[in-house]
Amino acid sequence: MLKIYNTLTRKTEEFQTLEPKRVKMYVCGVTVYNDAHVGHAMSAIVFDIIRRYLIYRGYEVKFVMNYTDVDDKIINRAKQLGEEPLKLSQRYIDDYANDLKSLNVLPATANPQVSQAMPLIIKFIEGLIEKGYAYAAQNGDVYFRVTKDADYGRLSNRKLDDMQAGARIEIGEQKDHPMDFALWKAAKAGEIFWESPWGKGRPGWHIECSAMNLAELGEQIDIHGGGNDLIFPHHENEIAQTESYTGKEFSRYWMHNGMLQLGGEKMSKSLGNIVSIKEFLSKRSADVMRMLVLNGTYRAPLMFNDETLDAAERNIERLKSALKPASASSSGINADTLSASIESAKKNFTEAMDNDFNTAGAVASLFELSKSINTARDNGATNEQLSPAQSAFKELAGVLGLKLEDKQGSSEKDAEVNALIAERTEARKNKQWKRSDEIRDQLKEMGVTIEDSKDGTTWKWN
RNA sequence: GGCGUCGUGGCCAAGUGGUAAGGCGAGGGUCUGCAAAACCCUUAUUCACGGGUUCGAAUCCCGUCGACGCCUCCA
């Protein structure tokens, strides 16, 4: 039985879908105005793992992730660069899609964009005004009336009275209540705008997700996800908007990932302590990033530093070792123990993942299976005997989104390495250890690790 | 100040009432010309601290201290 921690109830609950074996899932994507960083990668990976596991458990998953391509920061950045805002955002959308692909994140079922959802958004706002949940101000802004929504604050568990102290009203805003938030913002001179019943303007941040959710997945969904920094105000306001509009419960489960920590602080664009996804991938593999996430708890802060990354890298190498073929001289063993360990790994894997996606536990089951496989190989198992366990191993690793592939080099480089290996093999045959070790050092310099065995020498790019 | 998450070995981290998973690191060993990888052994009488409940608590309750996040744009 799958259990999920629900931010809304602050409890771990049994997972029950609206429709049998179908999951409607919406995850808040990014605002596209510069390179995405590894914190975004963490979030994307977390929900990718959740999605993959739901599929593994037999659910059909509709997975929607939006792009915020209309926003103050995009407008400012575009102005700086002298570029059209929508061109700039499109550039970063393509860019982020590439990042996600590099990270082995499955493509979403749909990627709606704000700029293409204006009619929906306007209709949504009109509906809210009709029902008295929103009002147009003199200046052309439209605000959501929080006092009309009796439930307001239930996701983030805060009361309007407590919030007012910190609330502020910008100059020019004409709100009835300080916590009222913008559904529509009147365009300032020279800004990108869309025509609306309230004049030229653009949507507020929260309304897009409500509108696109409705359009893509309907009035009610199973899972709504995002970083825990979105709980308030973004998700709180989404609930307010959607439930006021439809009169129905919006999402059954609200899931939030913890923040990636760099130097004891949240990694964020505003703090500037950023490592971009591209920068990361130029140094380490997508599997390493994923393993870092898997080693932790998705809801907790995740430590991002050389020590945790080195450990993740070693973990990947260790898992890869399970996929190595049998030795050429293997003569077979009694494979009963190995068969049993497949079953136990699958069981432990599922038990861990069923418990609110306990990926650290799931990975532990992979380590155990990998140990069984390696032991069997050391004891002389044949490839035929290893194969079922290795297949199961690959399947489970795949559910976590791990590729466990070796790095590829160019064919010229490979040829160069092979030539050196051949020379070293010859030297070793003649017991010229000095020469043989020189070549090994040379290969190391080139980024090649070699392993000698009785079957010969194998090597790979680091 | 309010709300929330959490404090487990050198590090990352499971475990949420029945007596501390897993990984990294470290030490020893097997294998190897030497390595590397793999495998084997060792590495927390103890779970921030102080009370309490219980036959029994890392796990439940109360208090204290500390960390992180949100309360303003943020995955």
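Below, chain A is the first sequence line, B the second, and so on; all start at residue 1. Only a predicted model underlies this, so the values are computations on that prediction, with no experimental measurement involved.
Among the heavy atoms of the strands, none lies under 4.0 Å from A:G153. Note on A:E307: only backbone sugar-phosphate atoms sit closer than 4.0 angstrom, heavy atoms only; bases stay farther off. Among the heavy atoms of the strands, none lies under 4.0 Å from A:N76. Contacts of A:G226 with the nucleic acid, taken as non-hydrogen atoms under 4.0 Å apart, involve only primed sugar atoms and P, OP1 or OP2. In this structure, A:R10 reaches the sugar-phosphate backbone alone: every heavy-atom distance under 4.0 Å involves primed, P, OP1 or OP2 atoms, never a base.
Side-chain proximity of A:R318 to the nucleotides B:C12, B:A75, B:A38 is greatest for B:A38. For A:N358, counting side-chain heavy atoms from C-beta on, the closest listed nucleotide (B:G15, B:C39, B:C12) is B:G15. Which of B:A75, B:C34, B:C39 sits closest to the side chain of A:N374 comes down to B:C39. With distances taken from any side-chain atom of A:Y5 to the nucleotides B:G4, B:A36, B:C71, the minimum falls on B:G4.
Pair assignment for B:G56: none, as no Watson-Crick or G-U wobble contacts are both less than 3.5 Å. In this structure, B:A48 and B:U64 make a Watson-Crick or G-U wobble pair, each of the two defining distances being under 3.5 angstrom. Across the strands present, B:G1 finds its partner in B:C71; the criterion is a Watson-Crick or G-U wobble pair with both atom distances under 3.5 angstrom. A 3.5 Å limit on both hydrogen-bonding distances identifies B:A38 as the Watson-Crick or G-U partner of B:U30.
Relative to the ring axis of A:F193, A:R202 does not place its NZ or CZ within 45° and under 6.0 Å from the centre.
Atom pair A:K159:NZ and B:C70:P shows a separation of 21 Å (rounding to whole Å applied). Atom CG in A:L309 sits about 15 Å away from atom P in B:C24, given to the nearest Å. Computed from coordinates, the A:D441 CG to B:A36 P distance equals 13 Å when rounded to whole Å.
Checking A:Y26 against A:N66 by side-chain atom types alone, a donor-acceptor pair falls below 3.5 Å.
For A:R314, a side-chain nitrogen or oxygen approaches OP1 or OP2 of B:G25 to under 4.0 Å. Contact annotation: A:K434 does not reach the phosphate of B:G33 (side-chain N/O to OP1 or OP2, under 4.0 Å). Between A:K266 and the phosphate of B:A75, there is no side-chain N or O to OP1/OP2 separation shorter than 4.0 Å. Between A:N295 and the phosphate of B:C12, there is no side-chain N or O to OP1/OP2 separation shorter than 4.0 Å. Residue A:N157 places at least one side-chain N or O closer than 4.0 Å to OP1 or OP2 of B:G4.
Every pair passing side-chain hydrogen bond (donor to acceptor under 3.5 Å, both in side chains) that includes a residue from residues 96-105 of chain A is listed here, sequence neighbours excluded: A:D99-A:K278.
As rounded to the nearest Å, B:G9 and B:G4 have C1' atoms that lie 29 Å from one another. When the C1' atom is compared between B:A67 and B:A48, the two are found 11 Å apart, to the nearest whole Å.
Checked against ring-ring contact (aromatic ring centres under 6.0 Å, His included), A:H206 has the following partners two or more places apart in sequence or in another chain: A:F181, A:H234.
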